[in-house]
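Below: the structure, in structure tokens.
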2 protein chains.
Amino acid sequence: MSNITIYDVAREAGVSMATVSRVVNGNPNVKPVTRKKVLDVIERLGYRPNAVARGLASKKTTTVGVIIPDISHVFYAELARGIEDIATMYKYNIILSNSDQTREREFHLINTMLGKQVDGLIFISENVTDTHVDEFKRARIPVVLASSIDKKHEIPSVTIDYRQATFDAITNFIGKGHKRIAMLKGPDTTAGISERKMEGYQDALKAANIPFDENLVISSEYAHEDGLEAFEELWKLDERPTAIFCASDELALACINAAYDHGVDVPNDIEVIGFNDTKLAKMIRPTLTTVVQPTYDIGAVAMRLLTKYMNNEEVEDDTIVLPHHIIFRGSTRDEK
Amino acid sequence: MSNITIYDVAREAGVSMATVSRVVNGNPNVKPVTRKKVLDVIERLGYRPNAVARGLASKKTTTVGVIIPDISHVFYAELARGIEDIATMYKYNIILSNSDQTREREFHLINTMLGKQVDGLIFISENVTDTHVDEFKRARIPVVLASSIDKKHEIPSVTIDYRQATFDAITNFIGKGHKRIAMLKGPDTTAGISERKMEGYQDALKAANIPFDENLVISSEYAHEDGLEAFEELWKLDERPTAIFCASDELALACINAAYDHGVDVPNDIEVIGFNDTKLAKMIRPTLTTVVQPTYDIGAVAMRLLTKYMNNEEVEDDTIVLPHHIIFRGSTRDEK
DNA sequence: TTGAAAGCGCTAACAG
DNA sequence: CTGTTAGCGCTTTCAA
């Protein structure tokens, strides 16, 4: 016994498929009596429209692709939640895949998602290269970058001002007299947000005439264990840092833990600022001073923007920059 | 200009659609020369098969639905990662949706996913009722529960032995002389894993002839703030607990933080054991003693099981119970 | 307000 | 080894 189709409903209700299709899709051009009749049959038969057939006929699947580095990282998980909530609101479903930031995976995923005829794509990656941009332009569907940017801003994106945010944090350190400020910058890429953060770091130092010391800058992934290693490296230095700026809360948390393990007091011996204000920030002691990136909102706004493109709505601004701020908690001292 | 189809490739290569279909699907019944010719045209035209059309014709979409309470919670995020990795391995994509454990959302999602013709479904929920079971049985696709169970074990599932795990943890506490052991049990449901944990708690007490005190048991969600509140409640008691067992690491972490805020020392004044061994456990100080539920593996095994059903492979066991253990870290004292 | 009919792009017999 | 031919279940003109 096969599934029940629109044809069965039509026959049973004594109308044509077209009419059934109309009532299912809420087309107003159906006489109320007819609508009721059809609705009853649908109810009775337990008819459920086949979205695949519908997708083939209408060329719309009401599903969007989401390519994300790693859903098991708090930051990305919160981003994803923002995306999914708005998607739900607009009746879209999400195909979610982890790329691990590998170019190969990324392109493979873009391809399979296009093959699955997603109506739009949200792409998240540290490194959006020209090749990515070409691929997105060739795709016949809208693409929005979330918490990611391409160098030339050719693809619509939702971010914060990473340079400025970092500049603010470093300047705060400088204002408290710090001269040796370490930077756990995140991955080494060529065109990502970690470059923007690096700019902010250097600009802040320059503005205060503090010489740049490359020993104080460490590249790594964003995970906890990377932070642990980085801290050890910094601790081997002859001139140790007195403040650390971290490109993620996980890294910052790792620094706090490593400090604790070394018997170093945070914030009195060393101050730490994180990035993202993930749930972690409030879940640790001392609580973490961190740059608030409205993670959930970035996801939500990115998805909202995508819906506008998908529905050919007017959009004023292709590159949305959300506000950021620093929230001061226990891992930094009060300003003098 | 419309997208390029299998028909275009066929015409261009001077073969039939069927032949193109064969080479695309790796059917061996194609002469190497023909295959090469077709492949070249595909390459040249940049042909990409339309998965929707394929899905309609073959009745297979190579996508599975995943209904999860909340992807922004570490535990579920790790579960999801396990699911997705194995899905990738078997060339499936995932439609991921958050249910927030609402019955309404859950049923709505089951419905839309069936409408989208997913080949299988992974369902995660604290509370799998008979109505859920009926729905799953009516679906014409395999369903696997991950870290979830239905009372009568009618639906295939992958879990650990929650009762035993809790029993072990409580028994450990008892072995160290604790008499007043609190339990943050998780949500109040009628048929979920938090009931199993509760059984373990009570059985352990009973085995040691320790009277049950309902004031020591607190129901809540699994989040950090819930734990904070629960701790306050416990702290108001005339006879405070000397040990706390928490149904999630977030709850345990909250207890540690609340204790810290009260100037109470963990583990010397009070011991804490968590559940799940999420990344959090190692990311806090003191590090967290916790019941190791192989979260990623549960997801992975559940997905693997689902692939077996989808491919009509032989499966020996419908309900898989993975091993658990307790990992002792800083939030508990050494055994005397 | 309704129905007929032509696809959407592909797979899957069935022939040859 | 290759081609022909039906569909898959639905949307969408176009007429009526």
Side-chain angles (χ1 to χ4, degrees), chain A residues 1-39 41-42 45-63 111-112 114-119 140-141, chain B residues 1-39 41-42 45-63 91 112 114-119 140-141:
Chain A
M1 145 209 177
S2 152
N3 232 313
I4 114 111
T5 77
I6 199 174
Y7 179 74
D8 300 321
V9 177
R11 185 171 26 70
E12 202 71 9
V15 299
S16 72
M17 287 164 53
T19 300
V20 178
S21 176
R22 288 192 188 94
V23 348
V24 167
N25 292 298
N27 184 318
N29 293 339
V30 181
K31 218 195 305 180
V33 206
T34 320
R35 176 185 310 282
K36 169 110 177 56
K37 190 170 54 182
V38 172
L39 250 19
V41 175
I42 286 178
L45 265 45
Y47 167 67
R48 173 192 295 135
N50 180 325
V52 173
R54 184 184 290 195
L56 184 58
S58 70
K59 299 181 171 300
K60 298 220 167 310
T61 55
T62 63
T63 105
N111 237 293
T112 69
L114 292 179
K116 295 224 169 172
Q117 314 300 119
V118 295
D119 294 338
R140 306 144 111 76
I141 54 166
Chain B
M1 145 209 177
S2 153
N3 233 311
I4 115 113
T5 76
I6 199 175
Y7 179 73
D8 301 320
V9 177
R11 186 172 25 74
E12 202 71 8
V15 300
S16 72
M17 287 165 52
T19 300
V20 178
S21 177
R22 287 192 188 95
V23 348
V24 167
N25 292 299
N27 184 318
N29 294 338
V30 181
K31 216 197 304 180
V33 206
T34 319
R35 177 186 310 281
K36 169 109 176 57
K37 190 169 55 180
V38 172
L39 249 18
V41 176
I42 286 178
L45 265 43
Y47 168 68
R48 173 192 296 135
N50 180 325
V52 173
R54 183 184 290 195
L56 184 58
S58 70
K59 296 177 171 307
K60 297 219 168 311
T61 54
T62 63
T63 106
K91 311 225 179 296
T112 69
L114 293 179
K116 295 224 168 171
Q117 313 301 120
V118 295
D119 293 339
R140 306 143 114 76
I141 53 165

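Proteins get letters first, then strands, A, B, ... in listed order; numbering begins at 1 in each.
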Work out how much the helix from C:dT1-D:dA16 to C:dG16-D:dC1 bends between its end axes, five pairs an end, to the nearest 10 degrees.
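Comparing the first five pairs with the last five, the axes sit 30° apart.
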
Letter by letter from the 5' end, nucleotides 11-16 of chain C scores (B base, S sugar-phosphate only, - none; protein heavy atoms under 4.0 Å) BBB---

Using the side-chain contact (heavy atoms from CB on, under 4.5 Å) rule, pick out the option among B:Thr61, B:Ile141, B:Thr63 that qualifies with B:Asp119.
B:Thr61

List the residues meeting salt bridge (Lys or Arg N to Asp or Glu O under 4.0 Å) with A:Lys36, not counting sequence neighbours, and say none if there are none.
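In terms of salt bridge (Lys or Arg N to Asp or Glu O under 4.0 Å), with neighbours along the sequence ignored, A:Lys36 is linked to A:Asp40.
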
Mind checking salt bridge (Lys or Arg N to Asp or Glu O under 4.0 Å) for B:Arg11 and listing every partner two or more places apart, or none if nothing turns up?
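Only B:Asp8 meet the salt bridge (Lys or Arg N to Asp or Glu O under 4.0 Å) criterion with B:Arg11.
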
Euclidean distance, atom [atom1] of residue [X] to atom [atom2] of [N] [Å, nearest integer]:
X: A:Lys116; N: C:dG9; atom1: NZ; atom2: C1'; value: 16 Å
X: A:Asn50; N: D:dG9; atom1: CG; atom2: P; value: 7 Å
X: B:Leu45; N: C:dG9; atom1: CG; atom2: C1'; value: 15 Å
X: B:Arg11; N: C:dG9; atom1: CZ; atom2: C1'; value: 14 Å
X: B:Ile4; N: C:dC8; atom1: CD1; atom2: P; value: 14 Å
X: A:Asn27; N: C:dT2; atom1: CG; atom2: C1'; value: 11 Å
X: B:Leu56; N: D:dC10; atom1: CG; atom2: C1'; value: 8 Å

Regarding B:Lys91 and A:Thr112, is there a side-chain donor-to-acceptor distance under 3.5 Å anywhere?
no

Taking atom types as modelled and ignoring hydrogens, do the side chains of B:Asn29 and B:Arg22 form a donor-acceptor contact shorter than 3.5 angstrom?
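No, no side-chain donor-acceptor pair sits under 3.5 Å.
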
So which atom in A:Val41 and which in A:Ala13 form the shortest heavy-atom distance, rounded to 0.1 Å?
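What the structure gives for the nearest pair is CG2-CB, 3.6 Å.
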
Looking at every non-hydrogen atom in both residues, tell me the closest pair between A:Val52 and B:Leu56 and how far apart they are.
CG1-N, 3.5 Å

Numerically ordered, the residues 29-36 of chain B set in heavy-atom contact under 4.0 Å with DNA chain D is B:Asn29, B:Val30, B:Lys31, B:Thr34

Any donor-acceptor N/O pair, B:Ser58 side chain to B:Arg54 backbone, under 3.5 Å:
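Yes, B:Ser58 side chain to B:Arg54 backbone: donor-acceptor pair under 3.5 Å.
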
If we ignore hydrogens and angles and just use 3.5 Å, is the side chain of B:Lys116 paired with the main-chain N or O of A:Thr62 as donor and acceptor?
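Yes.
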
A:Tyr7 or B:Ser16, whichever maps to the more 5' nucleotide of DNA chain D:
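Going by which nucleotide is closer to the 5' end, it is B:Ser16.
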
Checking all strands, does B:Val15 fall into the base, sugar-phosphate, or nothing category for heavy-atom contacts under 4.0 angstrom?
sugar-phosphate

B:Ile42 versus B:Val24: any side-chain heavy-atom pair under 4.5 Å?
yes

Run the side chain to side chain donor-acceptor pair (under 3.5 Å) test against B:Thr19 and tell me which residues pass, sequence neighbours left out.
B:Ser16

Please confirm whether the shortest side-chain N or O distance from B:Lys59 to OP1 or OP2 of D:dG9 is below 4.0 Å.
yes

